[in-house]
Amino acid sequence: MLRKNRLFTPGPTPILPAAQTAMASFAMHHRTADFRALFSRVLSDLKQFIGTNNDVLVLTASGTGAMEGAVSNLISPGDKVLVLSAGKFGERWRDLAKAFGCEVEVISGPYGETFSLDEIRRKLTPEIRAVYVQATESSTGARHDVEGIAKVVRASGDDTLLVVDAITGLGTTHLNVDGWGIDVIIGGSQKALMIPPGLAYCAISERAWRRMETAKSPRYYFDFRKERKAAAKGESAFTPATSMFAALSTALDFVRQMGDGDMVAGREALVNNAELAAAMTRAGAQALGLKLFSPSSPSAALTAIKAPAGVNSGAIVKEFRESFAAVVANGQGEMKGKLFRIAHIGYYDYLDTIGILAALEQVLASVTATLVEYGAGVRGAQQVYAKSITQKSQPVGAR
Ligand SMILES: *Cc1c(COP(=O)(O)O)cnc(C)c1O
C-alpha cells in the first residue's frame, strides 16, 4: 500500500500544518517593530501556556541549550547540586552539572521507575544549591512526581533552586509552576508545541534571577540576564530563528483555539488529549500481551513498550518504518533493542492512535513467531476511548 511518512517519536513530533505554512512564507527582519510585536506576543502567550507569572525566555537552541543555561546561570564551580536521574535525560543533567564543575550528588532510580521522596528529603542538605529533575523521562516513558519533589525542595528553604526539564512534560502533564515553586521550567519547540526543533523556552522565578547575581560560571550565548534585558524590549540578544517564532505564534493560537479562546483551557485540553492517547496505547499494548517498560508511573508524553521475549526492538522499529513509514523510537543507550517508544506529545488524534496500534498488530505478526489476534490491541484502545466519552471528558483535536 501507499505509505505516508508519520512521526511517532518523542521529538520531533508531527508539525501543525498551519505552523508550517506560517514559517514557509515568513520574511521579517528581527530588529523591526513588526518582529518585536510578534516576539512580545509569543512571550506573553508562552507565559499562559506554561502557566506562570515568571519571566519567560525563548532561546534559539534545542532543549539542551536551555538545560545548559539552567546550570551555567545558576551555579558556581564547586557548588553542590542534586540530580534526580532514572534515564538518559537525567544523566544529561548529571553530565552538564559536572561539565560546569559542580559537586554532583545523584539519586538514581532504575530505568523505568521514579524516586522515593523520602530519599530526596534525606539527601537534601542545606548546602545543595539546586535540584535538577525531569518532569517526564523520555527515555523510559516514566513520569516523576514534580509536585511531591517541589514540596520537599521548598520545605528545605530558599537557598535551593528547583530546575525541571519539562521538555516533554509541558503539554502532557498538569504542572502548577508558580504554585509548586518551580524555579526554572524548560520546554522545547519540537515537542508539545507541534513545530520543528530549534527553539527552547523557559520560565525563571525571582529566586533564580537573584541567584544569577552571584553565580560565577562562565556563560555567553546562554546568558539569561542578557536575554531578559533584550526580551523586555521585544528582542533577542542575538539573531533568533525568526521563522520559528512565526510557527510558534501559530501553534500557540492553535492551543488557545482548543480552549475556545482560552489558553489555559487549551493547554489543559492538550494535556488531556495526550493522557487519553497514552491510556489507549497502554491498553492496546497490554491487550496484545505486551509489557510496559514504566508500568508504575507512566507518562502521557510517550509509552515505552518492551519487545516480546526473543525479539530485538530494533526489528519492530524497522518493520514499522519499512511497512508503514511510521517512525517509532528505539530504546536509548542500554535500553536499545529492549523497548520501543510511541509518543503522544502534541498533534496526535484518535485516528493516529488507533492507526499505530493497528500497525503494531501487523508488525508483531511479521517479527514474532506467535499468533497475533488481530483487532485485540485496537479493541483495547477503543474501549478506553468509549469510556472516556461516556465520562464526558471529550477528547479534543484539530478543527
Ligand atoms: C527532547 C528532550 C530533551 C532535549 O533534547 P534536545 O535534543 O536538546 O532538544 C531534553 N529532555 C527531555 C526529557 C527530552 O525529551
Side-chain angles (χ1 to χ4, degrees), residues 7-15 50 57-72 83-97 99 108-109 111-115 131-146 149 162-173 175 182 184-203 221-222 241 244 247-248 251 270-271 274 278 293-294 297-304 327-333 335-336 339-348:
L7 295 182
F8 285 90
T9 44
T13 61
I15 299 175
I50 298 170
L57 301 179
V58 179
L59 308 164
T60 293
S62 83
T64 307
M67 291 173 74
E68 173 164 328
V71 176
S72 64
V83 169
L84 312 180
S85 170
K88 301 315 285 180
F89 291 98
E91 289 162 20
R92 185 168 299 179
W93 276 135
R94 177 201 65 199
D95 295 346
L96 268 167
S108 48
Y111 290 164
E113 293 181 22
T114 187
F115 317 102
V131 175
Y132 292 95
V133 68
Q134 270 64 40
T136 50
E137 172 54 73
S138 315
S139 68
T140 67
R143 168 155 38 206
H144 298 318
D145 176 10
V146 175
I149 294 165
L162 175 61
V163 181
V164 179
D165 162 5
I167 294 176
T168 53
L170 282 158
T172 68
T173 305
L175 298 161
I182 298 172
V184 181
I185 186 157
I186 301 169
S189 58
Q190 79 275 34
K191 312 276 172 137
L193 282 172
M194 308 168 275
I195 62 173
L199 297 178
Y201 57 95
C202 54
Y221 184 71
F222 295 120
M244 288 290 294
L248 183 50
L270 187 67
V271 171
F293 188 74
S294 303
S297 179
S299 73
L302 68 144
T303 300
V327 187
V328 304
N330 202 330
Q332 290 170 266
M335 292 167 277
K336 193 167 181 188
L339 59 89
F340 59 100
R341 295 173 292 150
I342 296 174
H344 323 294
I345 307 160
Y347 198 56
Y348 292 103

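Keep in mind that what you see is a predicted model, and the values were worked out from it rather than measured. Atoms within a ligand are numbered from 1 in the order they appear, just like the ligands themselves. Throughout, numbering of the chain's residues begins at 1 and tracks the sequence.
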Using a strict 4.0 Å cut-off to heavy atoms of [X], name the atoms of ligand 1 that fall inside it.
X      : answer
Arg92  : 4 (C), 5 (O), 8 (O)
Ser138 : 12 (C), 13 (C), 14 (C), 15 (O)
Thr136 : 13 (C)

Taking distance alone, with no angle check, do [X] and ligand 1 share an N/O pair under 3.5 Å?
X      : value
Phe89  : no
Asp165 : yes
Glu137 : no
Ser62  : yes

For the pair [X] (side chain) and [Y] (backbone), establish whether a donor and an acceptor sit closer than 3.5 Å, ignoring hydrogens and angles.
X      : Y      : answer
Thr9   : Pro12  : yes
Arg341 : Asn330 : yes
Gln190 : Thr13  : no

- Task: Please name the residue in the list Leu59, Leu193, Leu248 that meets the side-chain contact (heavy atoms from CB on, under 4.5 Å) test with Tyr201.
- Result: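 Among Leu59, Leu193, Leu248, the one meeting side-chain contact (heavy atoms from CB on, under 4.5 Å) with Tyr201 is Leu193.
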Which heavy atom of the protein is the closest neighbour of [atom], given with residue, atom name and distance?
atom                   : answer
atom 4 (C) of ligand 1 : Ile167 CD1, 3.7 Å
atom 9 (O) of ligand 1 : Gln190 NE2, 2.7 Å
atom 2 (C) of ligand 1 : Lys191 NZ, 2.7 Å

- Task: Please report the C-alpha distance between Val133 and Val163 in whole Å, then the side-chain angles of each, then the deciding distance to 0.1 Å, and finally whether the side chain to side chain contact (heavy atoms under 4.5 Å, CB included) criterion is met.
- Result: CA-CA 6 Å; Val133 68; Val163 181; over 6 Å; no
- Item | Close aromatic pair by centroid cut-off 6.0 Å: Phe8 and Tyr348 | yes
- Short side-chain donor-acceptor distance under 3.5 Å, Thr168 and Ser138: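 Short answer, yes.
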